[in-house]
Peer 1: 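Just dropping this structure here.
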Amino acid sequence: MYQTKNNRNCFAKGLRDGIPIGLGYLAVSFALGITARKAGLTAFQATLASLLNNASAGEYAGFTVIASQAPYLEMAIITLVVNARYLLMSAALSQRFSPETPFYHRLFVAHFITDEIFGASIMQEGVLNPFYNYGLAASSLSLWALGTCLGVLVGNVLPARLVMALGVLLYGMFIAIIIPPAKKSKVVLGLVIASFVFSYASSVLPVISALSEGNRIILLTVVLSLIAAFFFPIEDQEEHS
């Protein structure tokens, strides 16, 4: 009974925390729905795509490939490359679960991972309850799919400048995610600043800039994580118990 109540509370907390994320998704996916409409997708097809592929860059790449009438294999490879960073996020998030967490919970949580959901989940203290992630996904990803649907239905009515301006909301949400932990830890603050610098550098350097955005993010994530783990390791909490 206690576990059921705890799961219910974690799910409710995830629902609340996912609303601000969902509002940002609503604006961004609205523009994505316009892209889907230009690619010839119906509102149902675009909405289903957003429910199954929870990634703006991955969906945009997929819709672009559909518009160019490229083969399915090419669309699968492009989507895999663009979304490859979520493999790292899934591996990192799985370490936050209790060892007794069933595999199917880990599988579903991995499917629902986005950059913002990962950021909100990793900020939770202690052992992570998968029902918290389910709550995040239920509120945020439903608005993501709704925005895509609205973009297909009425997106072309709005001015293009207005649609582009709505996407700025997502960057404000990113800032809201990184500021609290950065204020608590100078190490985190330094890594955040370093990520900004290196991210810009990777977009202009001759060799690295030729990589896809997803591969650059993977490379930067691995390098910065290794640097942080080597120079600023986190002591195991069990050592202090």
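Start at 1 with the first residue, then count along the sequence.
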Peer 1: Check whether any side-chain heavy atom of Leu93 lies under 4.5 Å from a side-chain heavy atom of Ser121, and answer yes or no.
Peer 2: yes
Peer 1: Tell me if a side-chain donor or acceptor on Ser202 pairs with a main-chain N or O of Phe198 at a distance below 3.5 Å.
Peer 2: yes
Peer 1: Looking only at atom types and distance, does a side-chain atom of Ser139 sit under 3.5 Å from a main-chain N or O of Leu15, one as donor and one as acceptor?
Peer 2: yes
Peer 1: In the structure I gave you, are the side-chain heavy atoms of Ile117 and Asn133 within less than 4.5 Å of one another anywhere?
Peer 2: yes
Peer 1: For Phe232 and Leu191, run side chain to side chain contact (heavy atoms under 4.5 Å, CB included): C-alpha distance rounded to whole Å, both residues' side-chain angles, the deciding distance at 0.1 Å, then the answer.
Peer 2: CA-CA 11 Å; Phe232 311 102; Leu191 289 173; 5.9 Å; no
Peer 1: With no hydrogens and no angle check, is any side-chain donor or acceptor of Thr42 less than 3.5 Å from a backbone partner on Gln45?
Peer 2: yes
Peer 1: Working to the nearest 0.5 angstrom, can you tell me the gap between Glu59 CD and Leu32 CG?
Peer 2: 5.0 Å
Peer 1: Could you tell me whether the side chain of Leu220 reaches within less than 4.5 Å of the side chain of Ser195, counting heavy atoms only?
Peer 2: no
Peer 1: Are Phe63 and Tyr60 an aromatic pair by the rule of ring centers under 6.0 Å?
Peer 2: no
Peer 1: Say whether Phe118 and Phe108 are linked into one hydrophobic cluster, either directly or through other cluster members, by side-chain heavy-atom distances under 4.5 angstrom.
Peer 2: yes
Peer 1: Grab the two heavy atoms, one from Val109 and one from Pro130, that are nearest each other, plus how far apart they are.
Peer 2: CG2-CB, 3.9 Å
Peer 1: One pair to check against side chain to side chain contact (heavy atoms under 4.5 Å, CB included): Val187 and Phe231. What are the steps and the verdict?
Peer 2: CA-CA 10 Å; Val187 174; Phe231 290 103; over 6 Å; no
Peer 1: Please round to the nearest 0.5 Å and tell me the distance separating atom CG of Leu150 and atom CG of Leu26.
Peer 2: 6.5 Å
Peer 1: Checking the side chain of Ser185 only, and the main-chain atoms of Ala182 only, is there a donor and an acceptor separated by less than 3.5 Å?
Peer 2: no
Peer 1: Does any non-hydrogen side-chain atom of Asn129 lie less than 4.5 Å from one of Phe11?
Peer 2: no
Peer 1: Just by modelled atom types, is the Ile122 backbone N or O under 3.5 Å from a matching donor or acceptor in the Arg96 side chain?
Peer 2: yes
Peer 1: Asn54 and Tyr25: side-chain donor and acceptor closer than 3.5 Å?
Peer 2: no
Peer 1: Please check this pair: side chain of Ser94 against backbone of Ala91, looking for a donor-acceptor N/O pair closer than 3.5 Å.
Peer 2: yes
Peer 1: Would you give the length of the straight line joining atom CZ of Arg85 to atom CD1 of Ile113, rounded to the nearest 0.5 angstrom?
Peer 2: 11.5 Å
Peer 1: Does Asn83 reach the side chain of Asn53, with side-chain heavy atoms less than 4.5 Å apart?
Peer 2: yes
Peer 1: Under a 3.5 Å distance rule, please check whether Ser29 uses its side chain to pair with a backbone N or O of Trp144 as donor and acceptor.
Peer 2: yes
